[in-house]
Amino acid sequence: MSLGEFELISKYFLKASGNPDLIVGNGDDAAIIHSRGNLAVAVDTLVAGVHFPEKADAALIARRALRVNLSDMAAMGAQPRWFTLSLTIPSPDPAWLERFSRGLFVEAEQFNCHLIGGDTTKGPLNIAIQMLGEIAQDQPGLTRAGASPGDLLVVTGTIGDAGAALGQDLCRGLGQSSETDYLFERYWLPEPRVEFAFRCRHLIRAALDISDGLLADAGHICRQSGVDARIHLDALPLSRQVMDFWGAESALRAITAGDDYELCMAISSECWEDVQKIARELDIPICILGEFSEQAGRQPSVTVLDSHGQPVDVASTGYNHF
Ligand code: ADP
Ligand code: MG
């Protein structure tokens with residue numbers, strides 16, 4: 001970016017971390033970090049007009065961008081440590097940058113991770129965050145591949161809230177009414193289940209975070225684990241606000257809605273009680289939605305069942321970029 005690139009970076013994005021594991025921080029050609037073991041690495045790009053409306057509040061854009069990456073760390077059972085930010089902006093607007101930077105550091109502090117570098121360029125608004133997290137030394141990391149027949153299919157939180165928010169004006173501010181604020185917040189500030197997943201890392205056999213929609217994402221676990229799954233539509237945890245918004249269609253809409261960033265997990269029935277205990281301690285709702293089973297056909301598949309136990313044909317299976 002032309003004039004002001006370096007002032008811009010140092011004003012809005014350079015912050016001393018004081019962390020002894022950061023050997024060379026922001027401001028050099030690359031950061032150098034000390035790592036004691038395996039690292040989980042994930043990147044997510046948010047494109048204006050695709051993942052969020054360009055005119056939305058910059059602080060919310062930043063907070064969501066960081067939280068979706070934190071959610072990937074949760075899904076791997078990793079503890080977030082470091083992140084980099086690749087920021088492309090149409091022009092260096094100080095008011096926008098101030099809000100963006102403030103939102104970003106609020107979340108970084110809350111989740112105890114540090115911005116250690118990045119890149120700043122001019123162009124259509126685009127935010128890419130790369131996150132690095134530490135995997136506990138006693139564990140190889142949580143993947144999508146460990147589900148076994150007989151495991152329970154479990155989710156955290158409620159499903160469909162963020163999807164319902166997409167039907168509203170995402171550019172308005174907070175504080176309109178508590179009813180619409182709930183869905184709005186669930187979209188902009190998804191709750192990364194970092195501590196829960198880390199503490200449950202020995203009790204969960206497979207996990208991912210729900211970004212494309214529960215149905216599509218449960219399918220990812222099935223494919224990578226080589227199992228089938230059944231989901232009972234009646235068991236779906238729905239917020240009152242989602243039910244008010246979608247009415248009778250709520251469960252069917254919620255099962256294909258994306259952007260919730262809740263965890264979908266395979267848990268053996270022997271571990272269920274211990275997982276529940278940790279969830280209670282952290283005040284996180286969790287819920288059994290179905291179970292995994294032996295793969296019956298040539299491809300692993302997910303069957304959705306209605307209240308009579310009859311299969312439901314769900315036409316759309318989540319958001320596909322292409
Ligand atoms: P280089 O010329 O080596 O590509 P840059 O001029 O792009 O370096 O960046 C200078 C320093 O500022 C680097 O340490 C880089 O990590 C950091 N930096 C650049 N943009 C950002 C940003 N958006 N957030 C955090 N750090 C940034
Ligand atoms: Mg550069």
Side-chain angles (χ1 to χ4, degrees), residues 1-36 38-74 76 78-134 170-171 188-190 192 194 211 261:
M1 193 170 293
S2 61
L3 193 74
E5 176 183 348
F6 300 107
E7 296 113 278
L8 184 162
I9 295 168
S10 68
K11 183 159 182 206
Y12 299 109
F13 299 113
L14 297 195
K15 211 174 201 184
S17 92
N19 190 306
D21 287 339
L22 185 57
I23 295 156
V24 175
N26 214 321
D28 216 302
D29 292 304
I32 302 178
I33 49 179
H34 175 69
S35 144
R36 278 171 288 269
N38 295 342
L39 291 173
V41 185
V43 63
D44 260 307
T45 302
L46 302 188
V47 181
V50 178
H51 299 101
F52 62 88
E54 171 134 29
K55 295 281 172 260
D57 176 8
L60 289 176
I61 296 172
R63 294 178 70 181
R64 183 167 190 272
L66 199 63
R67 281 171 176 248
V68 300
N69 278 279
L70 288 162
S71 172
D72 281 326
M73 294 296 112
M76 298 303 289
Q79 297 223 284
R81 295 294 309 274
W82 320 106
F83 67 100
T84 61
L85 165 69
S86 177
L87 180 65
T88 305
I89 44 177
S91 67
D93 170 0
W96 191 94
L97 283 161
E98 180 68 40
R99 281 200 67 71
F100 183 88
S101 153
R102 208 178 302 163
L104 192 71
F105 285 110
V106 162
E107 297 299 337
E109 202 161 302
Q110 183 182 340
F111 289 94
N112 198 22
C113 55
H114 305 281
L115 178 62
I116 57 170
D119 199 21
T120 307
T121 51
K122 185 180 165 112
L125 182 58
N126 181 305
I127 296 136
I129 289 181
Q130 181 172 56
M131 179 74 65
L132 289 93
E134 253 168 24
L170 291 171
C171 292
W188 283 111
L189 305 175
V194 174
S211 55
Y261 298 99

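Indexing begins at 1, ligand by ligand and atom by atom, following the structure's order. Only a predicted model underlies this, so the values are computations on that prediction, with no experimental measurement involved. Throughout, residue positions are numbered sequentially from 1 according to the sequence presented. Both backbone and side-chain heavy atoms feed into the values below; hydrogens, waters and symmetry mates do not.
- Considering only residues two or more places apart in sequence or on other chains, Asp57 meets the side chain to side chain donor-acceptor pair (under 3.5 Å) condition with Arg99.
- Without hydrogens or angle criteria, Trp188 side chain to Ala59 main chain gives no donor-acceptor distance under 3.5 Å.
- Within the set Ala31, Ala30, Ala128, Gly118, the minimum heavy-atom distance to atom 27 (C) of ligand 1 is found for Gly118.
- With Asp119, Ile9, Ile129 as candidates, the residue nearest to atom 7 (O) of ligand 1 on a non-hydrogen basis is Asp119.
- The distance from ligand 1 to the heavy atoms of Asp29 drops below 4.0 Å at these ligand atoms: 3 (O).
- Heavy-atom contacts of Phe13 reach the following atoms of ligand 1: 23 (N), 24 (N), 25 (C) (cutoff under 4.0 Å).
- Atoms of ligand 1 lying under 4.0 Å from at least one heavy atom of Asp28, given by number and element, are 13 (C), 14 (O).
- To the nearest 0.5 Å, atoms CD (Gln130) and CD1 (Ile116) are separated by 8.5 Å.
- Evaluation of the side chain to side chain donor-acceptor pair (under 3.5 Å) rule for Glu107 yields Arg63, Arg67 as partners, not counting sequence neighbours.
- Among Val47, Thr120, Asn126, Thr45, the single residue meeting the side-chain contact (heavy atoms from CB on, under 4.5 Å) criterion with Thr88 is Asn126.
- Relative to atom 23 (N) of ligand 1, the option among Leu104, Leu97, Thr120, Leu14 with the closest non-hydrogen atom is Thr120.
- Proximity to Phe6 (heavy-atom distance under 4.0 Å) selects the following atoms of ligand 1: 6 (O).
- Note that CZ of Phe52 is 4.0 Å distant from CG of Leu125, once rounded to the nearest 0.5 Å.
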